[in-house]
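Report on one structure; see the data block that follows.
Predicted model, so just to flag it, every value in this text is computed and none were measured.
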Amino acid sequence: MERESKHLTLSQVATDLHLMPKVIAAIESSKPQTFHNPVFMRGYIRNYANYLGLDAKKYTVAFERLGTVNLAPPVIKSTNSVKQRDPFKVPFARGVSWLFVLTMLGVIFWWSQEQYRVVPSDASSLTATMTDIASESERLIDEGFLAPDALISDGNPIEDSVGESESPSVAEVVEETVEEVVEEIVEILPVIFDGLDMSFTNECWVQVRDSSGKTIYSAVANRGDQVQIAGSEPLSVIVGRVDAVASALYKGTIIDVSSLTNTNVARFTLPLNP
C-alpha cells in the first residue's frame, strides 16, 4: 500500500488532511459507502490521492466504478430566483439612510432660508419708490405707451407683479426634495439576500436542511462559485471544507465559519445563537 510504503500512519494522514481516521479507513477499504455522508467522499478520495502523490482522477474514477455509491459531482442548483429584502429593514442600512436624509434636510432648510430671505429696507424709501412707480405708470398710460389694464385695481403694480411670480413655499421645496432623495437612496442601496450566501475559493461540500429536516441543498461548489440558499429556520448547515470558504453571510450578517469548528469540517445552525 502506498501509505505504508511512505511509512505514514493512519492517524498521521488523518491529521494532515484534517479528516477523521475512519474516513481514511473507508477509502483504503474500497468501501466508501460505509462513510455516513458519501456526498463528500469524492473530494476526500481526491485529496488523499494528491497527498500520496498519486493520480487523483484515476482513483476517483476507480471508486466511481465500484457501483456501491454515487460519487459523481452533483449539479449546483440555480440561484437566479433571489428574494429581495427591503433595505430599510436592515438595521445598518436603515441607520445610514436616515442619517443621510436628516443631513440633506438640514442642507435643504439652510439653502431655502438663504434663497428666500428678504432683506428689510427703510419703510419711507419703499413708500416713496412705490409712489414714483405709480406716477410713472399713469404718465405712460396718458402717452399711450401702457395699456390701462396693466395697473391693478388698487394702483399698486408692485403687488401685482409679486403675486404673478409667487415662489413655492419652503415646505413644498423640502417635501419634494426629500422624496427625490429617498428614491435615490433606495436605488443605490445593495439588495441583501434573505438567506445563506456563500462564495468559495476551492471545491467545498455543503449540505443544508430546513426546519423540517428536509435537505434543501446538497452539492459540491467549485472555485469561484456563489451559492444562495433560503429555507424555513432553523437551517442545519454542514461545510465540508472550511478553508475553501471565501465568504459567508446570513441575511446580510457576516459568519466566521472557521470560528465554529476546530477542524476543517463545520456543523452549525442558522440563525446563530447570540
Side-chain angles (χ1 to χ4, degrees), residues 17-20 22-23 26-27 32-47 60 63-64 67-93 189-274:
L17 294 180
H18 304 287
L19 297 173
M20 293 180 288
K22 67 179 182 180
V23 176
I27 296 174
Q33 70 275 16
T34 61
F35 185 57
H36 70 282
N37 200 333
V39 70
F40 300 148
M41 187 55 73
R42 185 172 185 273
Y44 295 159
I45 293 171
R46 179 180 298 177
N47 288 344
T60 302
F63 271 88
E64 290 176 354
T68 55
V69 66
N70 182 16
L71 298 178
V75 178
I76 295 178
K77 296 181 180 179
S78 173
T79 58
N80 292 334
S81 179
V82 177
K83 178 182 178 183
Q84 292 190 350
R85 181 178 177 84
D86 185 357
F88 284 94
K89 293 182 179 180
V90 181
F92 176 77
L189 284 176
V191 177
I192 299 176
F193 179 61
D194 191 15
L196 177 61
D197 188 342
M198 303 181 70
S199 59
F200 304 89
T201 59
N202 212 327
E203 283 190 344
C204 186
W205 313 276
V206 179
Q207 185 181 77
V208 181
R209 291 188 177 94
D210 62 13
S211 59
S212 65
K214 178 183 176 181
T215 299
I216 58 177
Y217 186 88
S218 181
V220 177
N222 296 313
R223 178 179 181 180
D225 283 347
Q226 180 178 10
V227 176
Q228 294 180 323
I229 310 160
S232 58
E233 297 177 345
L235 299 180
S236 299
V237 184
I238 300 176
V239 179
R241 189 176 179 186
V242 171
D243 58 11
V245 178
S247 66
L249 298 91
Y250 187 65
K251 295 185 177 180
T253 301
I254 297 176
I255 301 174
D256 184 4
V257 180
S258 61
S259 67
L260 303 176
T261 179
N262 54 7
T263 66
N264 207 26
V265 178
R267 295 177 174 84
F268 53 93
T269 301
L270 296 173
L272 297 174
N273 294 327

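No donor-acceptor pair under 3.5 Å is formed between the side chain of Asp210 and the backbone N or O of Ile216. The closest donor-acceptor contact from the side chain of Asn264 to the backbone of Val242 lies under 3.5 Å.
Atom CD in Gln226 sits 6.5 Å away from atom OG in Ser199 (nearest 0.5 Å). How far NZ of Lys251 is from CG of Asp194: 5.0 Å, rounded to the nearest 0.5 Å. Rounded to the nearest 0.5 angstrom, Phe193 CZ and Met198 CE are separated by 12.5 Å. Here the straight-line distance linking atom OG1 of Thr201 with atom CG of Asp225 works out to 11.0 Å at 0.5 Å rounding. Atom CD1 of residue Ile238 and atom CZ of residue Phe268 lie 10.0 Å apart, to the nearest 0.5 angstrom. Once rounded to the nearest 0.5 Å, the distance linking OG1 of Thr215 with CZ of Arg209 reads 4.0 Å.
Under the 4.5 Å side-chain criterion, counting only non-hydrogen atoms from C-beta, Glu233 is not in contact with Ser211. The shortest distance between side-chain heavy atoms of Ile255 and Leu260 falls below 4.5 Å. Contact check for Leu196 versus Tyr217: no side-chain heavy atoms found under the 4.5 Å cut-off. Residues Cys204 and Val239 form a side-chain contact, since some pair of their non-hydrogen atoms from C-beta on lies under 4.5 Å apart.
The heavy-atom pair separating Asn222 from Phe200 by the smallest distance is O-CB, 3.8 Å. Between Thr263 and Val265, the shortest heavy-atom contact is OG1-O, 3.0 Å. A pairwise comparison of heavy atoms in Pro234 and Thr269 identifies CB-CG2, 3.5 Å as the closest pair. Across all their heavy atoms, Glu203 and Ala244 have their closest contact at O-CB, 3.5 Å.
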